[in-house]
Amino acid sequence: MIESWYPFLVAFLPFLGFMLTGAFGRKLGKTFSAVVSCALPMLSFSLLASVFLTVLVNDAADKPWTGMECVLGHWISFGTGIRSLDVPFVFRLDRLSLFMGMIVTGVGSLIHVYSAGYMADVSDTRFSRFFAYLNLFTGMMMVLVTGGNMLLMFVGWEGVGLCSYLLIGFEYEEDWKAAAGMKAFIVNRVGDLAFILGMLTIVTLEWGVFRGANLGFDHINELGRMVGSLDASSQWWLGFAALCLFIGATGKSAQIPLFVWLPDAMAGPTPVSALIHAATMVTAGVYMIVRLGAFFAVAAIGDVQILSLVAIIGALTAFLAATAAVVQTDIKKVLAYSTVSQLGYMFMGVGAAAYGAAVFHLMTHAFFKALLFLGAGAVIHALHGEQDMRKMGGLSKHLPLCWAVFLVGGLALAGVPPFAGFFSKDMILFHVYERHWETQSMSWLFMWVLGVGSALLTAFYTMRMFCMTFYGPTRLSEDELAHLHKPGLRMAAPLQVLIVLSVVGGFAGLPAIFMKDGFYLDRFLKKAIPVRHNAYKAWSDHEKAHLKETQPEKLKEKDFEKHLKEHFHHEHHSKEWFTMIISLLVAGAGVAMGVMRYRDELPAEPEAGSMQAVGADFLKEAWAFDEFYQTVIVGGVVKISKGLHRWVDEAIFDQSLVDGSGRLSLWISELVTVFQNGRVTWAAVYMALGSLAVLGTLLYSGLVS
Amino acid sequence: MSELSFQSVSLISAALFSIGVYGVLARRNLLIVLMSVELMLNAGNLMLAGVARMNAGVLGDSQAGQVMILMSMAVAACEVAVGLSIVIALFRHARSVDVASPKATQLKG
């Protein structure tokens with residue numbers, strides 16, 4: 001690792017923007033805020049781009065580039081000897097963080113520029129506040145991806161959660177928007193709790209193995225590589241730690257069971273949805289699991305591999321969210337559920353140990369989802385705030401740029417070649433299928449089927465969204481059509497850039513059947529991803545075990561290994577073609593069905609109360625997860641609180657302790673009042689008794705005889 | 001005439017004192033209480049006289065004791081004057097000299 005200021009700088013520059021815009025934006029006006037806060041992430045991006053070029057040059061010259069590090073000193077120094085925790089304040093820029101960082105600052109800068117156009121009509125104070133928050137978010141996200149250990153990553157993790165709250169609830173004057181912001185933060189926090197538990201478990205594991213813990217990624221991946229030498233209880237705790245971290249990831253990346261905040265998060269302004277919920281924050285969970293790849297690869301609780309759990313949850317989430325997106329009427333909600341669904345794909349990829357594929361899908365998704373969100377923002381902006389697709393239609397002639405945006409972004413999302421989404425989605429599905437082929441287990445096949453089903457639904461709802469908005473008879477009035485607010489340059493330019501990226505982005509990852517050494521992105525990231533899945537080994541182990549039971553004599557044939565390898569390569573290629581053709585068919589079918597159903601007129605709404613309506617409502621509310629949480633968890637907590645209030649607050653504290661001590665004092669004083677009836681002669685009695693007592697004491701003690 | 005023994009004087013003095021104590025503690029009429037206070041004072045004076053007589057031969061004569069008695073009586077006279085003015089003040093406030101009357105027992109509780 002080279003020592004350099006770059007890793008720290010790329011994270012710090014957006015913070016500088018936050019401080020400048022936050023402090024001076026109000027007085028110095030919108031131009032100042034916009035220029036400063038757009039320039040600084042762009043500066044970070046250019047720094048990262050220059051490093052990227054260096055890497056490319058080095059790779060071409062076969063000189064390996066191992067990464068840069070920036071250590072700013074000790075952060076936590078606690079304990080001595082084996083049970084110590086020594087966490088340095090270190091930023092690291094290796095291929096993976098370089099890649100993530102470029103996506104964050106690159107797409108982020110485009111969204112900053114877009115926001116300058118989108119928020120042009122608000123007051124100076126609001127404008128500067130918005131851009132300050134955007135920069136703070138970018139800075140926190142950069143800390144997350146460049147943090148050199150778990151603790152610094154967690155700072156960024158929580159920081160983006162905070163900024164998510166600030167930005168979603170930006171227009172907090174409306175109660176439901178503020179509530180959406182709180183919901184996002186609180187659900188995230190549940191995940192953060194699990195994350196902290198995971199970190200603490202890792203510290204304990206480190207204490208058992210290394211001489212002191214530092215929560216560094218190298219330590220943790222090393223724990224994964226040496227898992228065989230740990231005892232059974234430590235292995236269990238390793239699995240537990242991975243499970244906790246994964247639950248944290250489900251909170252941040254909106255998977256089952258903690259995805260419920262993301263649809264509500266559409267309450268924030270559209271650029272916020274684009275930045276946070278499409279391109280950056282929600283990918284943090286995927287990034288974390290890839291970072292700790294060697295750790296997750298071996299983590300298991302009992303017989304259950306944690307990565308299998310990751311993949312199952314990803315597949316289920318992808319499917320659930322896709323079904324929900326099909327029935328949404330708000331254009332942003334469609335995109336929100338679509339994001340949850342695509343994140344499910346990324347988790348499926350990670351669970352199938354296809355780290356390169358998952359990260360590739362992360363990149364393409366950032367491009368086309370940001371494109372779609374910004375395009376939706378342009379449409380909403382043009383229609384002066386209308387978000388319901390049932391009130392749109394026929395806009396293809398009036399908003400040509402937005403039409404192009406949705407066409408390209410939609411086809412990319414649906415997985416139609418040559419647009420970006422096809423390559424990445426297909427790669428993930430292939431790896432899932434490959435996992436099934438290696439292990440011959442039905443669960444992987446089930447996941448592949450769910451993935452394919454989700455792809456079909458994705459294509460369908462994408463075309464539904466596209467046609468409802470841009471085709472068919474327009475449901476807008478003449479007056480509204482005349483007053484469409486077309487997007488200006490600041491909004492249009494980022495859209496155009498993202499269109500280009502959505503088209504060409506896929507070629508970073510042409511699959512192996514077209515390219516010799518496996519796809520380029522995988523090779524680029526090779527050293528940064530801590531573990532590789534050896535498909536051949538996994539498959540051949542299984543095959544050999546199978547043959548041992550059925551035809552043991554085959555194992556002793558000569559050239560057995562060579563034949564096995566040839567068989568593998570042949571099968572491998574044919575499987576890749578197979579999954580690719582299925583993906584193509586499914587995408588095509590979905591697109592066709594969507595276009596046919598929605599191109600001309602909206603289909604009739606199902607009658608209220610009919611089976612169809614009930615089913616549609618169930619899907620619309622994301623399979624009633626929200627209702628479940630509301631009744632069981634929120635309702636339960638409220639009931640317990642009310643009970644505690646009645647039995648502890650009121651009965652014990654208010655009545656017994658506070659009122660009781662008052663009543664006690666009064667009762668005692670009433671006892672004492674008996675002595676003070678105001679009669680002077682009684683005072684004389686007490687005086688006499690007192691003097692007798694004194695006299696008696698004196699006599700008794702012998703002072704007076 | 002038989003000699004009056006010291007024992008008798010002490011006894012009478014003690015008896016008078018006790019009657020005075022009873023009067024102070026147990027009577028409701030403030031004037032009676034005052035009289036009882038006087039009685040206690042004079043019982044003390046009587047005791048003084050008896051002790052002076054008894055010690056006459058030993059310490060020379062009994063004039064010292066009798067002078068003390070005269071001084072005590074002077075003090076008693078002043079004290080009665082003050083006490084009676086308090087009674088008058090109470091009477092003006094309470095329209096009675098009963099220590100248990102409502103207005104006299106306002107300083108209660």
Side-chain angles (χ1 to χ4, degrees), chain A residues 636-705, chain B residues 10 13-44 47-48 51 72 75-76 79-109:
Chain A
V637 170
V638 168
K639 266 216 183 76
I640 293 176
S641 306
K642 284 196 176 147
L644 281 175
H645 178 78
R646 207 173 124 213
W647 293 108
V648 177
D649 261 356
E650 280 185 20
I652 297 182
F653 288 107
D654 282 351
Q655 291 173 0
S656 310
L657 291 178
V658 173
D659 285 354
S661 56
R663 279 199 297 264
L664 186 67
S665 311
L666 283 174
W667 180 74
I668 291 178
S669 53
E670 258 163 47
L671 285 180
V672 176
T673 311
V674 173
F675 291 123
Q676 294 184 325
N677 56 6
R679 291 204 215 170
V680 159
T681 42
W682 279 84
V685 170
Y686 303 138
M687 210 160 65
L689 286 172
S691 53
L692 273 175
V694 170
L695 193 61
T697 314
L698 285 173
L699 280 171
Y700 183 73
S701 64
L703 287 169
V704 170
S705 56
Chain B
S10 305
S13 175
L16 283 175
F17 189 83
S18 314
I19 293 168
V21 168
Y22 165 75
V24 165
L25 298 184
R27 297 294 293 233
R28 285 175 64 166
N29 193 328
L30 199 56
L31 289 168
I32 304 292
V33 168
L34 260 174
M35 287 197 285
S36 310
V37 170
E38 277 305 300
L39 189 53
M40 282 197 283
L41 257 166
N42 285 304
M47 193 69 210
L48 261 174
V51 169
S72 164
V75 168
E79 170 243 314
V80 161
V82 172
L84 280 171
S85 53
I86 291 178
V87 171
I88 291 174
L90 176 66
F91 184 76
R92 281 188 186 155
H93 179 64
R95 299 299 303 169
S96 113
V97 283
D98 183 357
V99 294
S101 69
K103 281 219 152 168
T105 55
Q106 271 178 328
L107 286 173
K108 69 177 170 190

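So you know, we letter chains A, B, ... as the sequences are listed, proteins then strands, and number each from 1.
- When all heavy atoms of A/Ala688 and B/Leu25 are compared, the pair lying nearest together is CB-CD1, 4.4 Å.
- Nearest heavy-atom pair, B/Ala104 versus B/Leu90, reported as atom, atom and distance to 0.1 Å: CB-CD1, 3.9 Å.
- The two residues B/Ser13 and B/Met47 come nearest to each other via the heavy atoms OG-CB, 3.4 Å.
- With a 4.5 Å cut-off on non-hydrogen atoms, B/Val33 touches chain A through its side chain but not through its backbone.
- Chosen from A/Thr681, A/Val672, A/Val674, the residue pairing most often with chain B at heavy-atom distances under 4.5 Å is A/Thr681.
- At a 4.5 Å heavy-atom cutoff, the contact between B/Ala100 and chain A is made by backbone and side-chain atoms alike.
- Across B/Ser96 and B/Phe91, no two heavy atoms sit closer than the pair N-CD1, 3.5 Å.
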